[in-house]
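Report on the structure given below.
Naming: A, B, ... by sequence-line order, numbering from 1 per chain. Side chains are part of it too, since the values below use all heavy atoms of this structure and drop only hydrogens, waters and symmetry mates.
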Amino acid sequence: MFWTQEVLKALDKNEVQLINDSKTPSGEPHVGSLRGVLVHDAIFKVLKGEDYQVKYIFGSDDYDPVDEIPKGQDDHFTKYLGMPLCNVPPPPGSEYSDMAEHFISGFFKIFDDLGVKAEKYRMRDVYRSGKFNEAIEKILLKRDAIKEIYRQVSGSEKSDKWYPFQVICENCGRIGTTEVIDFDGKEVTYVCRPDLVKWATGCGHTGKMSPYDGNGKLPWKLEWVAKWMTWGITIEGAGMDHSTKGGSRDVSGRILREVFGKKPPYNVPYGFFLTEGAKMSSSKGIGATAREMNEFLAPEMLRYLMLSTPPKRAINFSPSESFIVKLYNDFDSVREGAFSGLEEKEQQRQIYQISELNTSENYHIPSFSLIKNLVQMPHIDIYAAARELKGDGLTELEGYRLGSRIRSAKFWLEHFATDEDKFTIQHELTEEILEKLEPEHYGLIQQFRQDLHHIEWTETNIQQQIFDSSRMVPITPKSSFKAMYLIFLNKDRGPQVGNLLYYLGRETVLNRLESIQFSEPPVWKACSVTLAELNDFGNEHKEKIVSAHYRYKAERQVSCIEFIFELNNGQKMLRRLYFESYLEPEEVVKVVDDFANKSNIVVLPD
RNA sequence: GAUCCUGUAGCUCAGCCGGUAGAGCACAUCACUUUUAAUGAUGUGGCCCUGGGUUCGAAUCCCAGCGGGAUCACCA
């Protein structure tokens, strides 16, 4: 059963469902932050699809203090450490009013791209408007019971003077450094301590003021309680780190239940987003931020990546070619399954419904691996290739999807692909390349460059010619391809040779091939058969052979006899006997006649 | 130490409200005039981590281990 169905089963359809999630805008959001966003969105979509009364709200926790500085921005942010995020000026050059808006707006923009239609709220508005006044009062009054739960669940001992609340210091504006030491039912007394936390220094000010209307905030675990009880939230998943026993989710849930007698929201714990088995960290560069991943993958791909794995399981992302290609292929096959109408594809249909934004229309699209190759050949019109592949014009949707897949391929090549994954057209023949060529490759080059003069320069003809020329060397097509990749890409593998050479152009290809010099005898030796093999060949093919010719070649104390067979399907094949000496004309004739008699094939001089 | 995830073919995994062990890749054989990770057909390959329990019957459910991964113990 797909995970969304399990969530569905656990919820009461007669209840109004309110889904909540939030993010602290303290820096550039990490990719993993999107998992919660999308898991909640998937639940939202599924509930909506089942006609539940459901709403999805998403908050910016912008009343939290600045407790770490976004990478590389020490100069600007250091002096604001400890102040509420929403009261800190944005980094220089930002178009936003404050630090919190600066970071959350980019995150919310991704929501739009991913089709996440959550109703957004900001904690500054919630606190300042007084909406949490009631919850704050209740929590302050129940501090002993709350403290007891902290102790029981997580074993943390709080002092007698502990109050679960922090105000914004009237003197220095910090919220992370203040400690409330008394509450008289109307106002709190606080101290702004220089050494309360390691990451910020309070000013030492002591004051007394109302805790309401935005003067301060609840600590994280109680803020959760306040949200849940004030708004009646029924569903809120949390990362595995919060969801562990004794973790913040556990503490908050028990406080809500035991102190305030309400049911905590349904939890959907979700795991981390790992790269190559390690947790992706923002400091490790590309691909780590939500913004970059959103730039890389189209919405439906990113949603699929985040939602096809059951939430509890970690997602093991890898930017390797095999992972990315598999991701796309899996998605394409899920999409095919979803549109197949087959009953056993129900799960695929469910995955597809929460991944794709518009699930009404199927589409044809070339595989990622094809596109990533074509993208490396600048001349190729990929849209034309796609039309050819489909055998029809592209729909508007197909053109659009293809466009984003091309962008993804380019992004992948630029940011993730290893040198092995990429290829670069070689502009000249280097010693390094020549050293890698084997004698049989020279045989192919010799044959191929001759044959290329006689064909019309099209992708399919070139492709076809490789096979035809190979038979005349003879050499296996596989080895012939390798020769071409070496000569033009300095690699063992590459994209379709027809495309590649077509792009390079007849002149360039012929100039390159004709500039390669070598002596023939080693080729003869490398591309030869034994007399026994020749006889076997004759016996095996004699029904198909229409005509046969031979020619004798000699050079530098060695020689060879080449047999050229024409088959009834139009193919021409060559087989060569190699000799470490010159042969007299009579000897040549004798060898040829021997073969002719044994195989019953008439062999004429060329 | 605690919590969660995970252990099934050489590799990546599906199957998990019990009923004869699955897919893709890889490998092997055959076929083939075309290598875009990917031509078609056929085939090889598994004490489903271990031990116990429930059951007519367990890969599946329960308990206990072992191995791998992650998270938590101050703060969000």
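In the set B:rA76, B:rA70, B:rU33, the nucleotide with an atom closest to the side chain of A:D241 is B:rA76. Counting only heavy atoms from C-beta on, A:M240 has its side chain closest to B:rC4 among B:rA76, B:rC4, B:rU33.
Applying the side-chain contact (heavy atoms from CB on, under 4.5 Å) criterion to A:R35, with sequence neighbours excluded, gives A:V39, A:Y270, A:M306, A:T309, A:I315. Residues forming a side-chain contact (heavy atoms from CB on, under 4.5 Å) with A:P164 (at least two apart in sequence, or on another chain): A:I139, A:L140, A:R143, A:W162, A:P219, A:L222. By the side-chain contact (heavy atoms from CB on, under 4.5 Å) test, A:A10 pairs with A:Y266, sequence neighbours left out. In terms of the side-chain contact (heavy atoms from CB on, under 4.5 Å) criterion, residue partners of A:S408 (sequence neighbours excluded) are, by chain and number, A:F296, A:Y328, A:F368.
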Could you pull out the protein-nucleic contacts involving nucleotides 38-41 of chain B (nitrogen or oxygen on both sides, under 3.5 Å)?
| unit_1 | atom_1 | unit_2 | atom_2 | d |
| --- | --- | --- | --- | --- |
| B:rA38 | N6 | A:N329 | OD1 | 2.7 |
| B:rA38 | N6 | A:N329 | ND2 | 2.2 |

Please write out each protein N/O paired with an N/O of nucleotides 12-18 of chain B under 3.5 Å, distance rounded to 0.1 Å.
| unit_1 | atom_1 | unit_2 | atom_2 | d |
| --- | --- | --- | --- | --- |
| B:rA14 | OP1 | A:R313 | NH1 | 2.5 |

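Within the 3.5 Å criterion, the main-chain N or O of A:I175 finds no donor-acceptor partner in the side chain of A:Y63.
Between A:D64 and A:K217 there is a salt bridge, since at least one side-chain N of the basic residue sits less than 4.0 Å from a carboxylate O of the acidic one. Ion pair A:R124/A:E101 flagged as a salt bridge, since at least one NZ, NE, NH1 or NH2 atom sits closer than 4.0 Å to an Asp/Glu carboxylate oxygen. A:K390 and A:E398 are joined by a salt bridge, as a carboxylate oxygen and a charged side-chain nitrogen come within less than 4.0 angstrom of each other.
Rounded to whole Å, atom P of B:rA76 lies 13 Å from atom CZ of A:F165. Look at CZ on A:F423: it is 14 Å from P on B:rU36, rounded to the nearest Å. One atom, CZ of A:F272, and another, P of B:rU71, lie 6 Å apart when rounded to the nearest Å.
With both pairing distances under 3.5 Å, B:rC72 is matched to B:rG1 as a Watson-Crick or G-U wobble pair. Figure legend. B:rG43 is base-paired to B:rC27; pairs are counted as Watson-Crick or G-U wobble with both atom distances under 3.5 Å. For B:rU34, there is no paired nucleotide, since no Watson-Crick or G-U wobble pair has both relevant distances below 3.5 Å. Within the shown strands, nothing qualifies as a pairing partner of B:rU55 under the Watson-Crick or G-U definition with both distances less than 3.5 Å. When both pairing distances are held under 3.5 Å, B:rC48 makes no Watson-Crick or G-U pair with any nucleotide shown. If you check B:rU20 for Watson-Crick or wobble pairing at under 3.5 angstrom, you find it has no partner at all.
Contact annotation: A:K312 side-chain N/O to B:rC4 OP1/OP2 distance is not under 4.0 Å.
Nucleotides B:rC48 and B:rA58 have their P atoms positioned 13 Å apart, rounded to a whole Å.
Looking at heavy atoms from C-beta onward, A:I365 lies in side-chain contact with A:R335 at the 4.5 angstrom threshold.
Residue A:N373 is classed as a sugar-phosphate contact, given heavy-atom separations below 4.0 Å to backbone atoms only. Residue contacts for A:V197: at a heavy-atom cut-off of 4.0 Å it reaches no nucleic acid atom on any strand shown. Residue contacts shown for A:K198 are absent, as no nucleic acid heavy atom lies under 4.0 Å away. Among the atoms of the strands shown, base atoms are found under 4.0 Å from some heavy atom of A:Y485.
Place A:K217 and A:K372 on RNA chain B by their nearest nucleotides, and A:K372 ends up nearer the 5' end.
Between A:W224 and A:W220, the ring planes lie tilted relative to each other; the angle falls in the 30° to 60° range.
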